[in-house]
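Computed from heavy atoms alone, side chains included, the values below leave out hydrogens, waters and symmetry copies. So that the names make sense, note that chain A is the first sequence line, chain B the second, and so on, each numbered from 1.
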Amino acid sequence: MTFSEQLTNWYLPNKRDLPWRNTQDPYKIWLSEIILQQTRIEQGLSYYYTFVEKYPTVADLAAAELDAVLKDWEGLGYYSRARNLHFTANSVMDSLNGKFPNSYEELLKLKGVGTYTAAAISSFASKEKRAVVDGNVYRVLGRLYNIEDPIDANPGKKRYQEIADDLISDKYPDLHNQAIMEFGATHCTKHKPKCETCIFQKQCLAFQKNTIDSRPVKKKKNKIQNRYLNFYHIADQNNFLIQQRTDKGIWFQLYQLPLHESLDKRGFDNHIPNLELLGDFEIFSIHPDRNLIHLLSHQKLHIRFWKIEVKELKKIEQHQLVSLADPVAKAFPKPISEFLQNQLKPKLFQK
DNA sequence: AAGCCGGGGTT
DNA sequence: AACCCAGGCTT
């Protein structure tokens, strides 16, 4: 029995029932794959339901405003995925007559679709023989073959892809791809893999050599940068101010409260808002509200919110007025949306 | 090749 | 605190 046959024999009785496994519509499979990039299935599931419900076809997605798509993506992270999603929906409408591609080569041309996603969609939607290599596959193959090449360097990536290409089934590439990822996600897990009951135990080189916990190999460690952000909640009795982020970097094109970024911890500790930069408001009060630390994969954000009450708010350049009663019309980064949600709650229930 | 891009879960 | 998650893009 081939490896692929063993694998799919394990998969069929052990697979989870996931909604994107019950369709061959390349558009819906594409939605699921973009949502699930670097994202756990449990986290992405509700977003998938939202998107197939609100945008059942690629035409619906293309017709939506980018701001609306970003709003539906709010909280999921890696927001370039949402921008590329919207861009690609429009390019499919304009250049492909609204017919979503299902071949590897055509999919690879789409913005936001790389080798993994093109292999996944083409195998699931049209049974093209293209082997997926994602985090699960790196782990499963890294252990089976006890591979020492790092997965984050080109030689290793090439070798893993070659092995995956060699193992995939001719007749059931779709099942094979689903199976190897499911096996990595639920059986050959990073922590406490179920080696005792593993069907591949006898052929697993890492199990024989006792290197399970150090496979796959990765060389890079990410360092994190400290940043110090002051957000101003500037409000009169009815409205407050927001602005759109236009600088390249984190949270591009999302909305936020007016921001002053301190250069270092000392500047942050000594910072006091200077509203002259924003306009001539009659100020009733300024005081610091809450402090928090928000962790990104590569940055540690030290955040202080300031509450600033003014007599009468005016619209100023590069900013928008938003009703205090309805603060969530735009997409905000997680810490901002959380702060705004808190503002809505009655003070009785605040800590 | 290396760095950038989120938020959340697990150990 | 470190690592990872159905990765891809930019430099």
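- The distance from atom OH of A/Tyr79 to atom C1' of B/dG6 is 6 Å, rounded to the nearest whole Å.
- Environment of CZ in A/Phe252: crowded, with over 12 heavy atoms of neighbouring residues, nucleotides or ligands closer than 6.0 Å.
- Tested against A/Gln243 for a side-chain hydrogen bond (donor to acceptor under 3.5 Å, both in side chains), the candidates A/Glu317, A/Gln256, A/Gln320, A/Gln318 yield a single pass: A/Gln256.
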Between A/Glu42 and A/Arg40, is the salt bridge (charged side-chain N to carboxylate O under 4.0 Å, His left out) condition met? List the steps.
CA-CA 5 Å; A/Glu42 309 83 73; A/Arg40 292 167 193 275; 5.2 Å; no
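- Checked by atom type, the side-chain pair A/Lys330/A/Gln244 shows no donor-acceptor distance below 3.5 Å.
- Taking atom C1' on both nucleotides, C/dG8 is separated from B/dG9 by 23 Å, rounded to a whole Å.
- The aromatic rings of A/Phe183 and A/His187 lie parallel to each other, their planes meeting at an angle below 30°, with 60° marking the opposite boundary.
- Atom CD in A/Gln253 sits roughly 12 Å away from atom P in B/dG6 (whole-Å rounding).
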Between N or O atoms, less than 3.5 Å apart, protein on one side and nucleotides 9-11 of chain C on the other: list the pairs.
from, atom 1, to, atom 2, distance (Å)
C/dC9, OP1, A/Gly112, N, 2.8

Shorter than 3.5 Å, N or O on both sides, protein versus nucleotides 8-10 of chain B: list them out with atom names.
from, atom 1, to, atom 2, distance (Å)
B/dG8, OP1, A/Lys334, NZ, 2.4
B/dG8, N2, A/Arg40, NE, 3.1
B/dG8, N2, A/Arg40, NH2, 3.0

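- Listed by first then second residue, pairs satisfying ring pair (Phe, Tyr, Trp, His ring centres under 6.0 Å) with a partner in residues 105-152 of chain A read A/Tyr138-A/Tyr160, not counting sequence neighbours.
- Using a 4.0 Å heavy-atom cutoff across all strands shown, A/Ile35 reaches no nucleic acid atom at all.
- Across the P atoms, B/dG6 and C/dT11 are found 15 Å apart, a figure rounded to whole Å.
- To the nearest angstrom, C1' of C/dC5 lies 12 Å from CZ of A/Arg16.
- Comparing C/dA6 with B/dG3, their P atoms sit 25 Å apart, to the nearest whole Å.
- Note on A/Glu106 versus A/Lys99: no salt bridge recorded, every NZ/NE/NH1/NH2 to OD/OE distance being 4.0 Å or above.
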